[in-house]
J.: 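Next up is a structure, given as structure tokens.
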There are 2 protein chains.
Amino acid sequence: MTRQLHLNAFLMNTGHHEASWRLPESDPYAHTDLAHYVNLARIAERGTFDSLFLADGPQLWNTVAQRPAGALEPLTLLTALATATEHIGLIATASTSYNSPYNLARRFASLDIVSGGRAGWNIVTTAGEEAARNFGLAAEPAHAERYARAAEFTEVALKLWDSWEDDTIVADKAAGVWGDDAKIHPPRHEGTYFSVAGALNVPRSPQGYPLLVQAGSSEDGRAFAARYAEAVFTAQQTLADAQGFYADLKARTGRAGRDPEHLKVLPGIVPVLGSTEAEARANERVLDEHIVPEHGRTRLENLLHLPPGTLDLDRQLPGDLPPESAIEGAKSRYTLVVELARRERLTVRQLIGRLGGGRGHLTFAGTPEQVADAIGTWFTRGAADGFNIMPAVLPSGLEAFVEHVVPILRARGLLRAGYGPRRTLRERYGLPRPANQHVTRHPAPALSRT
Amino acid sequence: MTRQLHLNAFLMNTGHHEASWRLPESDPYAHTDLAHYVNLARIAERGTFDSLFLADGPQLWNTVAQRPAGALEPLTLLTALATATEHIGLIATASTSYNSPYNLARRFASLDIVSGGRAGWNIVTTAGEEAARNFGLAAEPAHAERYARAAEFTEVALKLWDSWEDDTIVADKAAGVWGDDAKIHPPRHEGTYFSVAGALNVPRSPQGYPLLVQAGSSEDGRAFAARYAEAVFTAQQTLADAQGFYADLKARTGRAGRDPEHLKVLPGIVPVLGSTEAEARANERVLDEHIVPEHGRTRLENLLHLPPGTLDLDRQLPGDLPPESAIEGAKSRYTLVVELARRERLTVRQLIGRLGGGRGHLTFAGTPEQVADAIGTWFTRGAADGFNIMPAVLPSGLEAFVEHVVPILRARGLLRAGYGPRRTLRERYGLPRPANQHVTRHPAPALSRT
């Protein structure tokens, strides 16, 4: 079989365009409406997507005036979606800075069991003081410390997920023996950030553990991804940048002693479709015209760590912005936005328009053929193993993609026509089920060879 | 309408009898089988139960040899059950010692939204060193400290659940205004155990917040229940004890400034049914004969804080056990078990048989009429507002209760025949939806009266 695209549907209430909720078709209460998300999940399943994904952060953003705020907790929502779908993978964002490994490992194992092996974890370290102050911290931990904690958190979670061997349960009713205690391996972890003694209180799940996903593209983020991630979501604005990122991450993965094929790179794309290119551009313009510029300016000032009121809507960004190394928040997103503005000499107002759709992800307005061409080009020219599809408006943008772009990708042999016999999320991404670290693979006896 | 029974189904893999998994009919993998729990929930809904309930603790008990160990994380399982049921309330146990208020408040609000107002929280402080050592603590916090933390945790959670007024979302598409920031109330809580600054990132849920349930009967537990609980699960062995507990808790609730009617007391009962009393006793005996006595002895030694091997199966408990005040674990359960053994002069082997079914809850073997009589007696004689039904074997014990006991209770006018128009869990328990602490009820203008 030729190499196949991996598609992930990034779901976000009424869509990724910040003004999407203002369209006549949009439901401003969609963010907490289970039926809305069930509908989206089923559309994505019709398009034979590998997975769907929910972003998250443990804080309410600065204002509810601007656009829909708050969201159902992702693992809760994905559990409900697991019962409404059959095939699609379910990837939840959860923070290593504001959870404990024991509870989170258990919740992901539980989702993996309930969904029949379809759980994925987008591992985030969570930038921002707002989140820190909801968990007893006066300020956010430094970027490097957040990543050190994330690595130890992940190691502890892996120990917990391997704390039951697959065949621990013997269920011998006659003897009154349910399980084999010799196959339980308590982590007995004593580390810098965590001490976790006991085994998990749920058996090893269908996938062994959830698909590990990562989405930070800073130096720390890439190092982390090379070591742990099986899928990476990334924001890339140009083919050249995406190729550079792809090559770098695959090389790092190899240097970390892993098969580079076992890490899939999925850039984000915001497709805005029209039956002609002009119609697509008009659709994009309608959306941008619904942006309240002052709202966009506030968010841009937050991203760039500037005091409120610093930016002038009709001028370019100031020339004296600090370098990425001075930023403790979302480092790679900071650089991407600053470089985009400088490269295209955008005013703040224009930059807000560009960010309103995808917040730094590539917005692509065009016909279904043009979108399929772009996807095919990035996929075949070493920039992507698949895409993180971020519709500007939901559900209509996802429906349009599945109805018009998916058939073209299938006709070109780039995308499966059905789900086939594979069942788990990791199988869909072409990844092996991980072995349990406590199970020694006995080598074949050497005697017969001598 | 005459006063109605409140029934809760306490679900636990193959049943509450520790040997239930060994019966030919039992599925030893039921503990992680969603279909098993969906079946149980639907049976309970046929019986018009108010709610179902899952116990939990964040640790794997000492051995997996004895009986099914581990469980799906309760909020995950209840979310899946929410999509498979329509009416029944969904009560999850979660610990105030090993969670953070922000995350847990969000998860319960999310379940309440996804279930249409059917979420309940059994607030536990979590006894035991095993749990503590999974969360970076060398030893469990002292009993009183756990309760002090639980009270502050609950206060913070209430602030978070009230951090959005009900009418925060205005959804004015034309003006580009989604929400009213004046109706967002960040907790800005700075306390002994928690600092939580920001508002919750999910709107106020259908019930305002989940039904608050509590199950500790120690002095600290009763004080906590009087202040916060809307339903209380309790283990009582005799009518007199249950009446004493009921009267005490209602009086405390009144002294705490609350309407005693707004706290419902539900003792646990393990019904073992037969078409004759002799058949019921025989069914109970079959179960008890499947207990491995050495397993029961180990658990009893744990409960009584005795070194392994201390107890002799064929003798009574030692006379020199410490008083409840010296116990830092499950205080009221400790006293209940010691008193039961002394009152009935049970050997350790006999005591294990008595505890095998209900772990301290009342086991009642009899005909459906006898079980209905017992329920009716406790209900009408000031010992209970309803019952926590704990079938010895699942699903068969719950099926038998719904098929044979529920019709009798309905015929006697003690139990509803259908769910009727009430929708939320709190409505089923006859409780008002709580007002938001930030919404001032403006008194009617006094001018017209002067």
Side-chain angles (χ1 to χ4, degrees), chain A residues 19 21-22 24 28-29 32 34 58-60 63-73 75-77 79-80 82-84 98-100 102-103 106-107 110-111 113-114 130 133-136 168-169 171 173 176-181 184 194-203 290 292 295, chain B residues 19 21-22 28-29 32 34 57-60 63-73 75-77 79-80 82-84 98-100 102-103 106-107 110-111 113-114 130 133-136 168-169 171 173 176-181 184 194-203 290 292 295:
Chain A
W21 73 274
R22 297 184 65 193
Y29 297 88
T32 54
L34 178 57
Q59 70 284 317
L60 185 68
T63 164
V64 300
Q66 298 180 3
R67 56 174 173 171
L72 294 168
E73 190 276 320
L75 278 156
T76 308
L77 176 52
T79 300
T83 67
Y98 305 117
N99 279 293
S100 53
Y102 198 92
N103 288 342
R106 178 146 180 250
R107 295 177 62 207
S110 297
L111 175 62
I113 291 170
V114 165
E130 288 83 1
R133 293 175 64 228
N134 292 339
F135 295 88
T168 297
I169 303 172
K173 290 182 178 183
V177 177
W178 185 77
D180 180 352
D181 283 297
I184 297 285
F194 305 106
S195 295
V196 179
L200 202 59
N201 52 352
V202 64
H290 280 85
V292 178
H295 293 175
Chain B
W21 73 274
R22 296 183 66 192
Y29 297 88
T32 55
L34 178 57
Q59 71 284 316
L60 185 68
T63 164
V64 299
Q66 298 179 3
R67 56 174 175 172
L72 294 168
E73 189 278 320
L75 278 157
T76 307
L77 176 52
T79 301
T83 68
Y98 305 117
N99 279 292
S100 51
Y102 197 92
N103 288 343
R106 178 144 180 251
R107 296 177 63 207
S110 297
L111 175 61
I113 292 170
V114 165
E130 289 81 1
R133 293 176 65 228
N134 292 339
F135 295 86
T168 298
I169 303 173
K173 289 183 178 182
V177 177
W178 185 78
D180 181 353
D181 283 296
I184 297 284
F194 304 106
S195 296
V196 179
L200 201 60
N201 53 353
V202 63
H290 279 86
V292 178
H295 293 174

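Below, chains carry the letters A, B, ... as their sequence lines are ordered, and counting in each starts from 1.
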J.: Holding to side-chain contact (heavy atoms from CB on, under 4.5 Å), I want the full list of residues that pass it with Ala80(B), two or more places apart in sequence or in another chain.
T.: Thr79(A), Thr83(A), Val114(A), Leu34(B)
J.: With a 4.5 angstrom heavy-atom cut-off, which part of Leu200(A) approaches chain B: side chain, backbone, both or neither?
T.: backbone
J.: Under a 4.5 Å heavy-atom cut-off, does chain A meet the side chain of Ile184(B), its backbone, both or neither?
T.: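 Just the side chain, heavy atoms under 4.5 Å.
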J.: Which heavy-atom pair separates Asn134(A) from Tyr102(B) by the least distance, and what is that distance?
T.: ND2-CE1, 3.4 Å
J.: Is Leu72(A) close to chain B through its backbone or its side chain, or both, or neither, when contacts mean heavy atoms under 4.5 Å?
T.: both
J.: Please look at Gln66(A) and chain B and tell me whether the side chain, the backbone, both or neither of the residue comes under 4.5 angstrom of a heavy atom of that chain.
T.: backbone
J.: So Ser100(B) and Tyr98(A), do their side chains get closer than 4.5 Å, heavy atoms only?
T.: no
J.: So do the side chains of Trp21(B) and Lys173(A) get within less than 4.5 Å of each other, counting heavy atoms only?
T.: yes
J.: Sort Ala199(A) into side chain, backbone, both or neither according to what part of it lies under 4.5 angstrom from a heavy atom of chain B.
T.: both
J.: Tell me, for Phe135(A) versus chain B, whether the close heavy atoms (under 4.5 Å) come from the side chain, the backbone, both or neither.
T.: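 Both parts, backbone and side chain.
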J.: Closest heavy-atom contact between Ala69(B) and Trp178(A)?
T.: N-CZ3, 3.3 Å
J.: Could you look at His290(A) and say if it's the side chain, the backbone, both or neither that has a heavy atom under 4.5 Å from chain B?
T.: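 For His290(A), there is no contact with chain B at all, as no heavy atom is under 4.5 Å.
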J.: For Ala82(B), is it the side chain, the backbone, both, or neither that has a heavy atom closer than 4.5 Å to a heavy atom of chain A?
T.: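 Neither part; nothing is under 4.5 Å.
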J.: State, to 0.1 Å, how close Pro58(A) and Asn103(B) come at their nearest heavy-atom pair, and which atoms those are.
T.: CB-OD1, 4.2 Å
J.: So what's closer than 4.5 Å to chain B heavy atoms on Asp180(A): side chain, backbone, both or neither?
T.: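 Looking at Asp180(A), just its backbone touches chain B.
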J.: Considering all heavy atoms of both residues, which atom of Ser110(B) and which atom of Thr76(A) are nearest to each other, and what is their separation?
T.: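 Looks like CB-CG2, 3.9 Å.
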J.: Measure Thr63(A) against the heavy atoms of chain B and call it side chain, backbone, both or neither at under 4.5 Å.
T.: both
J.: With sequence neighbours excluded, what pairs up with Arg22(B) under the salt bridge (charged side-chain N to carboxylate O under 4.0 Å, His left out) test?
T.: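 Partners of Arg22(B) under the salt bridge (charged side-chain N to carboxylate O under 4.0 Å, His left out) test: none.
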